[in-house]
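Here's the structure we're looking at; comments come further down.
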Number of protein chains: 2
Amino acid sequence: MAFLIAQRAFIKLYLITMVEKNRGYGYQMLEELRNEFKSFGYSPPQSEIYRALHELVQEGVLYRTKKLKGNDPSVDFQEIVLYHFTDQGAELAKLYKKQVKADLDRCLAILHKSVEDNY
Amino acid sequence: MAFLIAQRAFIKLYLITMVEKNRGYGYQMLEELRNEFKSFGYSPPQSEIYRALHELVQEGVLYRTKKLKGNDPSVDFQEIVLYHFTDQGAELAKLYKKQVKADLDRCLAILHKSVEDNY
DNA sequence: CGATGAACATCTTGTTCATTC
DNA sequence: GAATGAACAAGATGTTCATCG
């Protein structure tokens, strides 16, 4: 049995939510997460974001499209990878979120307990 | 920067509290923890408890004494290892607990945030 | 079986490098 | 520097084995 939720699962949850909100590509999501958690002393490593995205693709939740970043191709040729739900993706995501929610609640309960027990 | 608190630190916290309360030896503490967290779907592995105890000794927080378990040596020769605070141990423990408390609060904040952000 | 310990195997992470524009 | 990816190194854990009474 597991202790606390894994970082990977935690990040996947955020990625799914971001895809729901049409927040585009990897690097951007990374920056956003780093920003969000900066004040919590947590800076998700870049590799974890990509790994998580790859896993979500493997699992059939997301699929990828490629796009040039700028609107004017003559200015910016940078290619970015966008993520979208597959046909079953929305369903799978819903299920995944449900499971993670249960795990988050479990973790919160454990941590609360430990504060009560030790302080 | 770290994500959530490590299992090791979490266990050390409990061990320190248990030593404060004169709750004796490794195996016993293991059983107690397993019992406490059974309903949370968490069963700390035996190796982690011993590793944590060894570390606390390394760090100069605890020292060990050995004792025969039963009161009547002719009946039970089982040797157990008891843990106590060293001279500086109480101080070190206090400090350690303070740090862990900060980390626990940080973890709680992160998890709460993630529930807010994703549900 | 209760008790302690170590070894080993693995899974999860963090750091670094490679590549492209 | 923005962006993606993989390789590699290190750490933290889980599982199994060894020993003793």
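Each chain gets a letter, A, B and so on, in the order its sequence line appears, and its residues count up from 1. Not measured: the values here are computed from a predicted model.
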Problem set entry | Test item: B:Arg64 and B:Leu82 side chains (from C-beta on) under 4.5 Å apart, heavy atoms | no
For this session: Following the transitive rule for hydrophobic clusters with a side-chain heavy-atom cut-off under 4.5 Å over Ile, Leu, Val, Met, Phe, Trp and Tyr, establish whether B:Phe10 and B:Leu95 coincide in one cluster.
Result: no
Exercise. Is any NZ, NE, NH1 or NH2 atom of the basic residue among B:Lys12 and B:Glu59 found under 4.0 Å from an Asp or Glu carboxylate oxygen of the other?
Worked result: yes
Using a cut-off of under 3.5 Å, enumerate the N/O to N/O pairs linking the protein to nucleotides 3-10 of chain C.
{"unit_1": "C:dA3", "atom_1": "OP1", "unit_2": "B:Tyr25", "atom_2": "OH", "d": "2.4"}
{"unit_1": "C:dA3", "atom_1": "OP1", "unit_2": "B:Lys69", "atom_2": "NZ", "d": "2.5"}
{"unit_1": "C:dT4", "atom_1": "OP1", "unit_2": "B:Val81", "atom_2": "N", "d": "3.1"}
{"unit_1": "C:dT4", "atom_1": "OP2", "unit_2": "B:Tyr27", "atom_2": "N", "d": "2.5"}
{"unit_1": "C:dT4", "atom_1": "OP2", "unit_2": "B:Tyr50", "atom_2": "OH", "d": "2.8"}
{"unit_1": "C:dT4", "atom_1": "O5'", "unit_2": "B:Tyr50", "atom_2": "OH", "d": "3.3"}
{"unit_1": "C:dG5", "atom_1": "OP1", "unit_2": "B:Arg64", "atom_2": "NH1", "d": "2.6"}
{"unit_1": "C:dG5", "atom_1": "OP1", "unit_2": "B:Arg64", "atom_2": "NH2", "d": "2.8"}
{"unit_1": "C:dG5", "atom_1": "N7", "unit_2": "B:Gln46", "atom_2": "NE2", "d": "3.4"}
{"unit_1": "C:dG5", "atom_1": "O6", "unit_2": "B:Gln46", "atom_2": "NE2", "d": "3.0"}

Exercise. Is any side-chain N of the basic residue among A:Glu20 and A:Lys94 closer than 4.0 Å to the acidic one's carboxylate O?
Worked result: no
Exercise. When clusters are formed by joining ILVMFWY residues with side-chain heavy atoms under 4.5 Å apart, either directly or through shared neighbours, do B:Met18 and A:Tyr119 land in the same one?
Worked result: yes
Exercise. How bent is the helix from C:dC1-D:dG21 to C:dC21-D:dG1, comparing axes over its five end pairs at each side, to the nearest 10°?
Worked result: 30°
Problem set entry | Rounded interatomic separation in angstrom, taking CD from B:Glu48 and P from D:dG14 | 6 Å
Exercise. Could you give the CD-to-C1' distance, from A:Glu55 to C:dT13, as a whole number of Å?
Worked result: 12 Å
For this session: Mind calculating the distance between CZ (B:Phe3) and P (D:dT13) to the nearest angstrom?
Result: 13 Å
For this session: Mind calculating the distance between NZ (B:Lys67) and P (C:dG2) to the nearest angstrom?
Result: 19 Å
For this session: Give the ring-plane orientation class for A:Phe37 versus A:Tyr42, where under 30° counts as parallel, over 60° as perpendicular and anything between as tilted.
Result: perpendicular
For this session: Answer yes when B:Glu79 and B:Lys67 have at least one side-chain N-carboxylate O distance shorter than 4.0 Å, and no when they do not.
Result: no
For this session: Inspect the contact between B:Lys113 and B:Glu116 and indicate whether a charged nitrogen and a carboxylate oxygen are less than 4.0 angstrom apart.
Result: no
Problem set entry | Gap between atoms CG and C1', on A:Leu30 and D:dG5 respectively (whole Å) | 13 Å
Exercise. Quick one: A:Ile5 CD1 to C:dT12 P, roughly how many Å, whole number?
Worked result: 13 Å
For this session: Decide whether B:Tyr63 and B:Tyr25 are clustered together by the hydrophobic rule: side chain heavy atoms of Ile, Leu, Val, Met, Phe, Trp, Tyr closer than 4.5 Å, transitively.
Result: no
Problem set entry | Nearest-angstrom distance from the residue atom CZ of B:Phe10 to P of D:dG14 | 13 Å
Exercise. Taking atom P of D:dA2 as reference, at what distance in whole Å does atom CD1 of A:Ile49 sit?
Worked result: 16 Å
